[in-house]
Structures are given as C-alpha cells and as structure tokens.
Amino acid sequence: MSCSLQLCLSLSRYCKTIGGLNQIYARSLKAGIDQNPLLVGQLLLLSAVTIPDTIDYARSLFAEIDSPDVFMYNTLIRGLSESGYPHEALLTYTQMRHQSFIPDSFSFAFLFKAAANVKSLGVGTQLHCQALLFGLDDHLFVRTTLISSYAEAEDLRSAQKAFHETEEPNVVTWNAMVTAYFRCSDLEGAHQMFSKMPVRDLTSWNIMLAGYTKAGEFEVARRIFNEMPDKDSVSWSTMIVGFAQNGCLDEAFEFFRESLREGMGSNEVSLTGILSVFAQVGAFISGQVLHGHVVKVGFNNVISVTNALLDVYAKCGDTEMARKVFDHMVEKKSVISWSVMMAALAMQGLADEVLKLFGEMEKNGIRPDGVTFVSLLYACSHAGLIEGGCEYFHKMQETYEIEPSIEHYGCMVDLYGRAGLLSKAYEFVSEMPIQPNEIIWRTLLGACSMHGELKLAEEARKKLSELDPENSSDYILLSNIYAVAGKWKDVAMVRRSMISRNINKTPGWSTIEVDKVVYKFVAGERESEVANEAHHKLADIMSALRTAGYVPEVRSVLHDIEEEEKENSVSQHSEKLAAAFGLAKMCQGNVIRIVKNLRVCRDCHTVMKLISKVYDREILLRDRRRVFCKGGCNYEVDTWEDCEYNEMCHKDSVLKDHQWSAYIDHAPGGMLPCLHSRIWLQVWNSYQDKGSS
DNA sequence: CTAGGGTTAG
C-alpha cells in the first residue's frame with residue numbers, strides 16, 4: 001500500500017501533462033489510495049496550478065474528494081484565481097467557510113490575488129476584515145498581497161495604511177508598496193518610497209524602470225537604467241517593451257540591439273517587444289528574419305511570441321502568412337491569437353472571413369474577450385452589416401457577459417454613421433449608458449465628414465471642444481467638411497482658432513523597409529540625402545503620372561489657397577515619399593510595403609494605384625486602421641470606400657517651410673547572429689510541408 | 001499521528 005503511495009507521489013513530482021495526471025490517478029484508484037490527502041492534494045496542485053489549461057480537471061477532481069482539507073481548498077482557490085476565474089475563487093472561500101474550515105495565511109495570499117482581479121470594489125476590504133478576524137493580517141505574505149490588492153483597486157490610502165501597520169516590512173513588501181504608488185500614478189510617492197528603502201534588490205530597480213516607462217517618463221527611466229548597480233534580462237526587456245508600447249520604436253530597437261551587444265541574448269519578452277516594433281513600422285523582411293531566429297532558438301512554441309509574429313504578418317498585410325502561422329501554432333491558440341487573426345482579416349476588409357473565423361473560435365470553445373468583439377464590430381461596420389453588428393453587440397453582453405467598453409460603443413456609432421444613418425448614430429450616442437468621450441464624438445464627426453452633414457458636425461465639434469480642446473484632428477475634420485462644401489470662410493475660421501490656441505497637428509510619418517533597414521519619412525523636414533533622393537524621385541514620378549493623365553485630387557485640401565499650392569501640398573505626403581523611395585531602391589517584383597501612422601488621403605490612394613499600374617509594382621499601404629493593396633494579385637481590390645476619416649492628409653500650413661526629411665535607422669548589420677535568409681527559407685519550407693500534408 | 005502550497009518587476 002504505502003509502496004504504491006510513494007510511487008504515485010514521486011510520479012506526481014515529474015508529471016507535466018494531463019495524460020500523466022490521468023495515469024497517476026488511475027493507478028491510485030487501482031491501489032485504493034485515491035482519497036489519500038497527500039496524493040490528492042498533489043494531483044489537485046498539478047491540475048489547478050502546474051499544468052496549464054486544466055482547471056476543469058481540477059474542478060471535477062475536487063468534486064470527487066470526500067473530505068477536502070484547507071490545503072486543497074487553498075489550491076483550488078489559487079488555481080481558479082490564476083486561470084481567470086477570480087470570482088469563483090472567492091466563492092470557493094465562502095463555501096469553505098460554510099464547511100467551518102479555518103483559513104490560514106496561504107488562503108489569504110491567494111484570495112487577495114483573486115480580489116485584485118475582481119472588478120467589484122470593496123472585496124479587498126472585506127477580505128482584510130476576514131484576515132483580521134483570524135489574526136492573520138500581520139503575516140508578511142498576507143500584508144504584501146493585501147497591499148497589491150489595494151493597489152490594483154487604486155486604493156492608495158488603504159495600501160499605505162497596510163504598509164505603515166507592517167512592523168518589519170521586508171524588501172518584497174517595500175517593492176509591493178512602490179508598485180502601489182506607480183499603479184496609482186503617484187510617481188513622486190513611488191520615488192520617495194524607493195529612496196527610503198533600507199534595502200533594494202534588482203526587482204526594486206526593475207519596478208522603477210517599469211513604473212517610469214509606463215508613465216511615459218522615458219528620460220527618467222533611462223537615467224535609472226544607467227544608474228542601476230546591476231541589470232538582468234528583466235531590466236532590458238522592461239525598457240524594450242516600455243518603449244515599444246509607447247511608440248518610441250527607434251529607442252526600443254536601439255535597446256534591443258544594445259542588449260544583444262551586451263551579451264544578454266534575447267528572451268521571449270524582448271522578442272515580443274521587438275516584434276511589435278516590426279509590426280508597427282511594417283518591417284516585413286526583418287520580421288521574417290526574426291521569425292527564423294525565433295524558430296532557431298525555440299521560442300516559436302511560446303504563445304506570446306507566436307502571437308507577436310502573427311501580428312507582424314497581419315500588420316504587414318500578409319494575411320496568407322499570418323494564416324500559416326496561425327494554423328501551425330504549436331501551443332493551444334489563445335484568445336489573443338484568434339483576435340489578432342480576426343483583426344488581420346478585418347484590416348483587409350475581409351468581413352466574411354472575420355465572421356467565419358469567429359464561428360470557428362466559438363466552436364473551439366475559446367471564450368472571446370472585448371478585443372475580439374472590436375474586430376468583429378469593425379468588420380461589420382466596414383462591410384455595412386448593420387444587423388449583424390447589432391446582433392454581435394448584444395451577443396457579447398448576453399452570451400459572454402462582456403461589459404461594452406467605450407471602443408465598442410465607438411464601433412456602433414461608426415456602424416450607423418458609416419452607413420449614413422446619422423440620426424440613428426446620434427440617438428445611440430445620446431442613449432449610451434456611459435458618458436460619451438471624445439473618441440465617440442470624433443467618430444460621429446468623421447461620419448458627418450463622410451456624408452457632408454454640417455449641422456451635426458458642428459454639434460459634435462462643440463462637444464469635442466469641451467472634452468478635448470487640444471486635439472488637432474477634430475479641427476482638421478471639421479475644416480475638411482467645410483472645405484469639401486466650399487465654405488472657405490468657415491475653413492479659415494477653424495484655421496484661425498487652431499492657430500490662436502496654438503494647436504499643432506500630429507506629425508504624419510510613413511515608414512518603408514528597404515534591405516532590412518527601416519526608413520521613416522516625416523513631415524516638415526528635409527535634411528538628409530535620403531529625403532532629397534525621395535523628393536527627386538517623387539518629382540519624376542509625378543510628371544510621369546501627369547503624362548499618364550493624372551489629375552491631383554485636391555478637393556479636400558485644408559485651406560483656400562491657389563490650385564498650384566494645393567497640388568504641391570498633397571504631392572508631398574510622407575507616404576508618397578516613401579513610395580518614391582521604395583521605387584528607386586527596390587528591385588522589380590518586390591512588394592513595396594508602406595506604413596502610415598495616421599490615415600491616407602484620397603489623392604495618395606490614386607497616386608499609389610497609378611504608380612502600381614505605370615511602373616508595374618505591387619504596393620501595399622497600411623494606415624492606422626486599414627490595409628490597402630494596389631497592383632499584383634490584388635489589383636482589382638478597390639478600397640476607396642475607406643479613405644475618409646483622414647485626419648492628416650493635408651499639409652499643415654503651420655509648418656510653412658516645405659521641408660521634408662527622412663529619418664534613417666542605422667543599418668541593423670550584425671543585429672542577430674543568424675540574419676541569413678537561409679534560415680528563413682527553412683522556416684518557410686517547414687510551413688509549406690505542413691501545409692500540403 | 002504526519003506529510004504538501006505562497007509575496008514584488010518585463
């Protein structure tokens with residue numbers, strides 16, 4: 001008897017899969033030791049915590065236990081909380097109390113974590129009272145999780161109180177408190193706490209880095225990074241991801257290369273961060289190269305890395321390759337994988353496929369989240385599927401109990417507005433259960449601009465001037481509407497108020513990758529050789545296009561200026577420069593991929609289409625919402641319906657000097673040890689093989 | 001009758 005118990009126990013120590021778990025359980029049933037508390041406790045720990053995605057197994061295993069003890073309750077609570085069921089974890093605690101079990105310090109360590117993930121307020125306080133009741137609140141582990149839980153609820157005062165009542169806080173408690181200040185956006189408090197710390201460890205420093213990068217205080221973060229006595233891979237990836245998530249793409253890339261130079265090597269987090277940079281700038285070839293690297297070092301079975309790779313292909317407009325990565329994912333696909341894939345299809349305007357994929361996702365038993373529904377609603381609004389969109393909007397609330405966020409309401413406003421149902425859109429806005437923010441009004445304003453609806457536009461604009469008076473795009477949208485209607489006096493008025501309030505436009509930029517180097521063309525500068533080259537090539541192209549019969553589309557140019565100057569202003573949009581540069585530098589047959597940070601204007605669409613035709617090139621242009629293809633196999637795809645909403649298609653007269661420039665990132669030579677297309681080829685072949693079999 | 005589990009950073 002005890003012999004088989006010992007065997008089962010040692011087996012459980014090495015068990016890593018659900019199959020092994022089943023074997024041990026079967027063995028224990030056979031030996032009649034399936035109710036042994038030690039063994040069943042270990043099996044529960046395996047299914048609830050150690051082996052991923054086996055929480056259902058843990059639940060049913062728990063149901064089979066005749067007399068669970070506190071350890072088992074704690075384990076189930078922990079498992080539920082870590083598997084995304086914090087509410088059920090809390091319910092398990094009440095169940096446990098119902099059976100008159102006395103919780104221990106472990107219970108509260110897990111419960112406070114669950115409380116941090118639960119939306120409803122005051123759960124932390126209730127649990128705190130419970131901990132006090134059982135005399136466990138002065139336990140250091142409990143204190144630390146308590147502070148984190150209050151931090152998550154952004155209850156800084158309670159967190160502070162809990163900290164001050166701690167008699168001998170250790171480094172971890174101090175760290176948790178510093179994190180709490182950051183979480184509550186109190187940078188000053190975090191800094192004070194940090195400087196008062198009697199002992200600091202590497203984690204303390206890393207918390208500082210994370211806090212400041214998340215707050216957008218890059219210079220402070222950089223200074224701390226340089227002052228740190230020691231750095232580890234977390235320090236480096238914090239910087240890389242921090243920059244990448246805040247649009248500081250050059251810095252992220254710089255830190256990534258520096259980390260390799262310092263011999264840090266890449267890890268799953270830094271790779272995820274840098275892949276997101278590639279996705280954002282549309283660095284297709286670099287992405288492929290990194291894909292090769294990922295496969296080589298074996299990170300392709302790490303879900304976050306694969307999702308990031310998927311996103312690179314999605315954002316570079318290569319739906320086919322995205323699909324291949326998606327279909328061949330080694331690990332189980334997460335909600336994120338499905339959502340990214342759906343977003344990829346939605347960006348291409350493939351609404352039917354988005355809806356189909358959503359059906360598949362449901363069939364696979366994957367629970368969609370809020371992001372999934374954004375893609376779904378986006379697809380519906382762009383395909384004009386009003387009824388479908390409404391159905392999904394209800395389904396998300398009724399079937400999946402997802403509270404619509406402001407983005408979802410935005411999608412709905414867009415759904416009605418884009419279809420021209422402006423009064424319906426307005427009605428929807430007025431009846432929204434949450435306060436419409438500037439994005440909602442801006443969506444409405446965009447829809448008005450699309451349909452030339454002046455009256456409603458003015459109202460939306462009025463709301464916007466209260467909510468977000470500094471935002472330039474609203475002024476631009478409104479003045480576009482006036483410009484299209486030929487109301488130049490009103491255009492001038494908008495213009496003047498912009499200047500008097502000292503509002504500048506978000507500078508537009510476009511990136512293009514040539515030979516694994518990403519070139520960035522920015523409005524308002526023209527200092528480098530590259531910019532000059534692009535400029536000259538563009539002039540050639542424009543005259544060639546004119547000969548081919550091109551007439552500039554200047555209808556929506558911002559202000560009432562001479563025709564010639566209007567032409568001049570649209571002819572210098574950064575995407576055109578990027579295209580010209582690509583045309584000059586890239587071999588025939590390579591796809592010219594351009595990424596634009598804002599929206600693309602009508603004239604740029606026409607020009608891209610013509611360049612593609614005249615020079616026989618495939619051009620793929622992505623802006624912040626959509627992928628446009630011209631030429632190649634996609635030549636027939638016409639995506640005109642999408643070129644409204646352009647916040648930036650007009651050259652800003654505030655930036656009077658006609659200076660344009662290119663920003664060049666240094667060649668990433670030696671960036672990775674395996675920058676050879678050979679490896680990429682292997683990756684590609686492996687996909688081909690799997691695909692055909 | 002005992003054994004087994006935890007806190008902060010990317």
Side-chain angles (χ1 to χ4, degrees), chain A residues 2 5-6 8-10 12-13 36-46 48-50 68-79 81-82 103-114 116 136 139-149 151-152 159 162-163 166 169-183 190 193-194 197 199-214 221 224-225 228 230-245 252 255-256 259 264 266-274 276 302 304-305:
Chain A
S2 105
L5 178 62
Q6 285 311 319
C8 286
L9 281 177
S10 30
S12 71
R13 215 156 292 146
N36 177 288
L38 184 54
L39 180 62
V40 84
Q42 287 308 312
L43 292 181
L44 194 62
L45 186 63
L46 279 172
V49 179
T50 317
D69 61 14
V70 179
F71 174 87
M72 297 170 197
Y73 268 111
N74 288 347
T75 308
L76 184 64
I77 289 171
R78 180 185 176 194
S81 163
E82 287 174 5
D104 59 13
S105 65
F106 287 90
S107 314
F108 286 105
F110 304 134
L111 284 166
F112 283 127
K113 276 204 145 182
L136 291 163
H139 200 289
L140 257 189
F141 277 114
V142 175
R143 274 293 163 81
T144 310
T145 44
L146 175 63
I147 291 169
S148 307
S149 149
E152 200 56 41
F163 181 79
T166 311
N170 63 9
V171 209
V172 185
T173 320
W174 278 92
N175 285 345
M177 196 55 221
V178 177
T179 313
Y181 278 104
F182 278 123
R183 174 70 235 235
M193 204 45 14
F194 181 77
M197 284 176 81
V199 186
R200 296 180 195 100
D201 62 5
L202 197 46
T203 305
S204 325
W205 288 95
N206 288 339
I207 289 168
M208 297 303 279
L209 294 183
Y212 282 114
T213 51
K214 273 193 198 131
I224 294 170
F225 185 83
M228 281 171 75
D230 278 308
K231 298 173 185 64
D232 65 356
S233 59
V234 177
S235 325
W236 284 98
S237 26
T238 303
M239 296 302 279
I240 295 166
V241 172
F243 282 125
Q245 285 178 346
F255 265 84
F256 181 65
S259 75
M264 280 315 293
S266 52
N267 60 51
E268 57 267 52
V269 180
S270 66
L271 281 174
T272 308
I274 213 64
S276 96
V302 178
S304 59
V305 177

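Atoms considered below: every heavy atom in the structure, side chains included; atoms not considered: hydrogens, waters and symmetry mates. Proteins come first, then strands; the chains are lettered A, B, ... in the order of their sequence lines, and each starts at number 1.
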Residues that A:Q42 engages under side-chain hydrogen bond (donor to acceptor under 3.5 Å, both in side chains), provided they are two or more places apart: none
Residues which pass side chain to side chain contact (heavy atoms under 4.5 Å, CB included) with A:F141, listed by chain and number, not counting sequence neighbours: A:H139
Distance-only side-chain donor-acceptor flag, A:N206 / A:T203, under 3.5 Å: no
Ring centre gap for A:F225 and A:W205 strictly below 6.0 Å: no
Smallest separation among heavy atoms of A:G273 and A:V241, with atom names: CA-CG2, 4.1 Å
Per-nucleotide protein contact string for nucleotides 4-10 of chain B, where B marks a base within reach and S marks sugar-phosphate only (heavy atoms under 4.0 Å, - for neither): BBBBBBB
